[in-house]
Q: 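Handing you this structure, nothing more for now.
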Number of protein chains: 2
Amino acid sequence: MRSKRRSKMPGPSFIEQARHRQLIACAITSVAEEGYAGASLASVARRAGISKAAVLYHFRNKDALVEMAVNEILRELSEFIVPRLLAEPEARGRLRAFIQSQLLFLEQHRAHLLAVSYILVNHRNRRGEFHLRTKAENDALAAITTILEDGQARGEFRSFSVRPMAATILQAVNGALSQWVADPSLSLSDYATELVTTFDLATRKDTRTSTIRKAKTS
Amino acid sequence: MRSKRRSKMPGPSFIEQARHRQLIACAITSVAEEGYAGASLASVARRAGISKAAVLYHFRNKDALVEMAVNEILRELSEFIVPRLLAEPEARGRLRAFIQSQLLFLEQHRAHLLAVSYILVNHRNRRGEFHLRTKAENDALAAITTILEDGQARGEFRSFSVRPMAATILQAVNGALSQWVADPSLSLSDYATELVTTFDLATRKDTRTSTIRKAKTS
DNA sequence: CAAAATACTGACCGATCGGTCAGGAATGTC
DNA sequence: GACATTCCTGACCGATCGGTCAGTATTTTG
């Protein structure tokens with residue numbers, strides 16, 4: 001770990017950087033293939049072709065490795081989504097982009113999806129709290145909340161309680177992913193379309209024609 | 001286990017029945033308090049005040065105990081919900097009853113909720129499949145699907161793709177529960193009201209006034 | 001009361017877990 | 001080539017896991 005290294009060198013060496021990347025990647029596939037309980041340090045070491053002790057040379061302990069893996073996945077995810085949100089001028093479009101881009105990214109990174117979902121629902125800190133899950137959920141909810149509140153302020157959305165709606169949208173996206181994990185033949189893009197329609201109807205003001213329907217009929 | 005008992009007696013003895021009930025109850029609280037990984041046979045035995053071997057005398061192995069615990073929880077849950085569904089003559093009411101009664105029951109049985117959610121997302125059979133989760137999800141989806149298809153046939157609901165909508169509703173309910181687990185001060189009945197409104201709007205035909213709103217204004 | 005079935009204990013097993021440690025190989029740096 | 005630092009190995013540790021087994025209470029049955 002960088003944090004407690006007593007190196008005289010300015011930064012992490014090439015080897016250290018490469019190993020970090022490799023071990024994080026191995027940890028992700030290990031969790032994805034063997035589940036949270038089955039993913040051991042020995043399993044990660046085997047995949048990387050080094051000894052278990054070598055893994056612990058680079059990462060203080062198992063928890064540190066797991067947390068780095070989650071951070072990496074969430075970093076890549078938000079790197080994919082954020083530009084797509086910023087490209088949308090209206091709240092309605094940002095809500096659609098949030099749903100679609102999240103599904104699209106994780107459909108293309110199945111191991112990431114499996115690993116992050118296994119870890120988030122299982123990993124606890126010393127106090128027994130699901131701190132990774134809490135943080136990830138709060139970040140996602142904050143993003144959706146921003147969209148929803150902005151949409152209400154701009155008059156695009158009806159008046160509803162933002163927190164349950166944000167949670168419902170987040171859960172719907174997670175549920176779509178979990179359906180797809182169980183049945184990979186399911187079309188996530190079709191699913192995304194249904195979700196977009198559903199929440200368009202659930203959030204819009206009662207103008208009798210949503211942008212979705214307008215696009216279809218005009 | 002009954003299945004491999006070589007008893008000459010007609011049924012399970014009083015002691016066996018009582019122990020089964022006790023051990024299932026202990027397993028539930030054990031999982032709820034210590035998580036899926038932390039809930040060991042030793043932990044269950046300690047709670048029951050007997051030896052670990054005695055637990056294995058009554059249950060073939062740990063998996064059998066866990067599965068019995070899940071079955072018991074789901075049995076109690078459906079015992080609570082089904083009559084409430086049957087009491088509703090319209091699909092819209094059944095959808096509302098499904099959401100509300102599920103939240104109500106599990107709000108009153110927090111240990112059941114924790115145990116069942118920990119187990120369902122973690123327990124695998126020998127082939128590595130999440131068979132308990134799959135079965136529970138399919139049962140719940142089937143129930144919702146029946147309501148939705150009936151509602152479409154009766155002309156109460158708009159035309160939408162049933163499977164994603166059913167999954168979205170189920171996930172929304174689960175999400176409400178998971179929010180409440182993380183923050184018990186959250187009012188589940190308020191949350192239920194929001195969910196009912198959300199899915200009323202998402203499913204109804206575009207008649208501009210739902211039964212919910214009509215009830216409020218008339 | 002004795003025989004038989006049931007209910008249970010405690011010691012033990014092999015496996016695996018995360019983690020430590022002493023020391024050896026590889027890699028740069030003068 | 002010597003020296004220090006980085007990188008890594010293999011043996012080992014204590015703990016815990018699910019599960020077995022021989023033997024012993026306890027209860028039921030004739």
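Naming convention: chains lettered A, B, ... in sequence-line order (proteins, then strands); numbering from 1 in each chain. Heavy-atom basis, side chains included; hydrogens, waters and symmetry copies ignored.
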Q: Scan the side chains in residues 164-180 of chain A for donor-acceptor partners under 3.5 Å anywhere in the protein, sequence neighbours excluded, and list what turns up.
A:
from	atom 1	to	atom 2	distance (Å)
A:Thr168	OG1	A:Pro164	O	2.7
A:Gln179	OE1	B:Arg163	NH2	3.4
A:Trp180	NE1	A:Pro184	O	3.4

Q: Under 30°, 30 to 60°, or over 60°: which ring-plane class applies to B:Phe199 and A:Phe199, parallel, tilted or perpendicular?
A: perpendicular
Q: Starting at CZ of A:Phe59 and ending at P of D:dC8, how long is that distance when rounded to a whole Å?
A: 12 Å
Q: Relative to the ring of A:Phe160, is the ring of A:Phe157 parallel (under 30°), tilted (30 to 60°) or perpendicular (over 60°)?
A: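 Taking A:Phe160 first and then A:Phe157, their aromatic rings sit tilted (interplane angle of 30° to 60°).
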Q: Does A:Tyr57 have a side-chain nitrogen or oxygen under 4.0 Å from the phosphate oxygens OP1 or OP2 of D:dC8?
A: no
Q: Looking at B:His58, I'd like to know whether one of its side-chain N or O atoms comes within less than 4.0 Å of OP1 or OP2 on C:dC8.
A: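 B:His58 to C:dC8 OP1/OP2: side-chain N or O found under 4.0 Å.
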Q: Summarise how protein sits on nucleotides 11-25 of chain D as a single string, 5' to 3': B when a protein heavy atom is under 4.0 Å from the base, S for sugar-phosphate-only contact, - for no contact.
A: ------SBBBB----
Q: Hey, does the side chain of B:Arg19 come within less than 4.0 Å of C:dT6's phosphate (OP1/OP2), counting only N and O?
A: no
Q: Is there side-chain contact between A:Leu201 and B:Leu201, with at least one heavy-atom pair below 4.5 Å?
A: no
Q: Please confirm whether the ring centroid of B:His123 lies under 6.0 Å from the ring centroid of B:Tyr118.
A: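 Aromatic pair excluded; centres sit 6.0 Å or further apart.
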Q: Do NZ/NE/NH1/NH2 and the carboxylate oxygens of B:Arg19 and B:Glu16 come within less than 4.0 Å?
A: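 Answer for the salt bridge query: no.
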